[in-house]
Student: 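Below is one structure. I have some questions about it.
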Amino acid sequence: MNDRTAVPDAATRVLLLAIAARLAAERPTDRMTPSTREALALTFATRRYGYGTVRAEQAKLHLLAHAPVVAWGTTRGRYAEALREVAGGDHECRQQARVTELVQVGH
């Protein structure tokens, strides 16, 4: 999944937006680091799919495949914007998340 032109699946898009929201809300003017990128991918995948699960590992790998490499000097806020762009924008992802939620609860 090294093709960064590929569109992330719905679950990955929702997690990308969740990470973007956190970065924008917490210290958006601080510098973003590659280790923060990796830690957030692991944290959000684990919270969603459980510690040590195959699905969490797959989600983490999908997040890292789609999340841009951190350029030196990038702020957390700017990186949040980049994640939103990769995810396809807030509006489209919110609609997809709602559809996914309805399907999962059987409506």
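Predicted model only: the values in this text are computed from it and were never measured. All values below were derived from every heavy atom in this structure, side-chain atoms included, with hydrogens, water molecules and symmetry-related copies excluded.
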Student: Could you pull out the closest heavy-atom pair between Leu64 and Ala41, with the gap in Å?
Tutor: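 Closest approach of Leu64 to Ala41, heavy atoms only: CD2-CB, 3.8 Å.
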Student: Using modelled atom types and a 3.5 Å cut-off, is there a donor and acceptor pairing between side-chain atoms of Arg13 and backbone atoms of Ala87?
Tutor: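 Yes.
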Student: Side-chain contact test, heavy atoms from C-beta onward, threshold under 4.5 Å: evaluate it for Tyr79 versus Arg37 and give yes or no.
Tutor: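 A side-chain contact under 4.5 Å exists here.
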Student: Under a 3.5 Å distance rule, please check whether Thr74 uses its side chain to pair with a backbone N or O of Val70 as donor and acceptor.
Tutor: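 Flag not set: sc Thr74 to bb Val70 has no pair under 3.5 Å.
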Student: Can a side-chain donor-acceptor contact be found between Thr33 and Thr36 if the only test is distance below 3.5 angstrom?
Tutor: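 Yes, a side-chain donor-acceptor pair sits under 3.5 Å.
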Student: Compare every heavy atom of Ala11 with every heavy atom of Arg55, then report the nearest pair and how far apart it is.
Tutor: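 It is NH2-CB, 3.9 Å.
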Student: When Leu83 is tested against each of Leu23, Leu40, Leu17 for side chain to side chain contact (heavy atoms under 4.5 Å, CB included), which residue passes?
Tutor: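 Single pass found, and it is Leu23.
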Student: Begin from the C-alpha positions of Arg76 and Glu26 and carry the test side-chain contact (heavy atoms from CB on, under 4.5 Å) through to its verdict.
Tutor: CA-CA 8 Å; Arg76 291 165 58 100; Glu26 296 179 8; 3.7 Å; yes
Student: Same cluster for Tyr49 and Leu63 if Ile/Leu/Val/Met/Phe/Trp/Tyr side chains link at under 4.5 Å?
Tutor: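 Tyr49 clusters together with Leu63.
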Student: Considering only heavy atoms from C-beta outward, does the side chain of Asp9 approach that of His62 to under 4.5 Å?
Tutor: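 In short, these two side chains touch, coming nearer than 4.5 Å.
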Student: Which residue, Leu15, Leu16, Val14, forms the side chain to side chain contact (heavy atoms under 4.5 Å, CB included) with Pro8?
Tutor: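 Testing each of Leu15, Leu16, Val14 against Pro8, the sole residue satisfying side chain to side chain contact (heavy atoms under 4.5 Å, CB included) is Leu16.
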Student: So, for Gly50 and Ala56, which heavy atoms are closest and what is the spacing to 0.1 Å?
Tutor: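 Nearest heavy atoms, Gly50 then Ala56: O-CB, 3.3 Å.
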Student: Do His66 and Thr12 have side chains that approach each other closer than 4.5 Å (heavy atoms only, starting at C-beta)?
Tutor: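 Touching, per the 4.5 Å side-chain cut-off.
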Student: Test side-chain contact (heavy atoms from CB on, under 4.5 Å) on Leu61 and Glu57; report intermediate values, then the result.
Tutor: CA-CA 6 Å; Leu61 293 175; Glu57 179 64 19; 3.9 Å; yes
Student: Decide, yes or no, whether a salt bridge links Arg84 with Glu81 under the criterion of side-chain N to carboxylate O below 4.0 Å.
Tutor: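 Not counted as a salt bridge, because no side-chain N and carboxylate O are separated by less than 4.0 Å.
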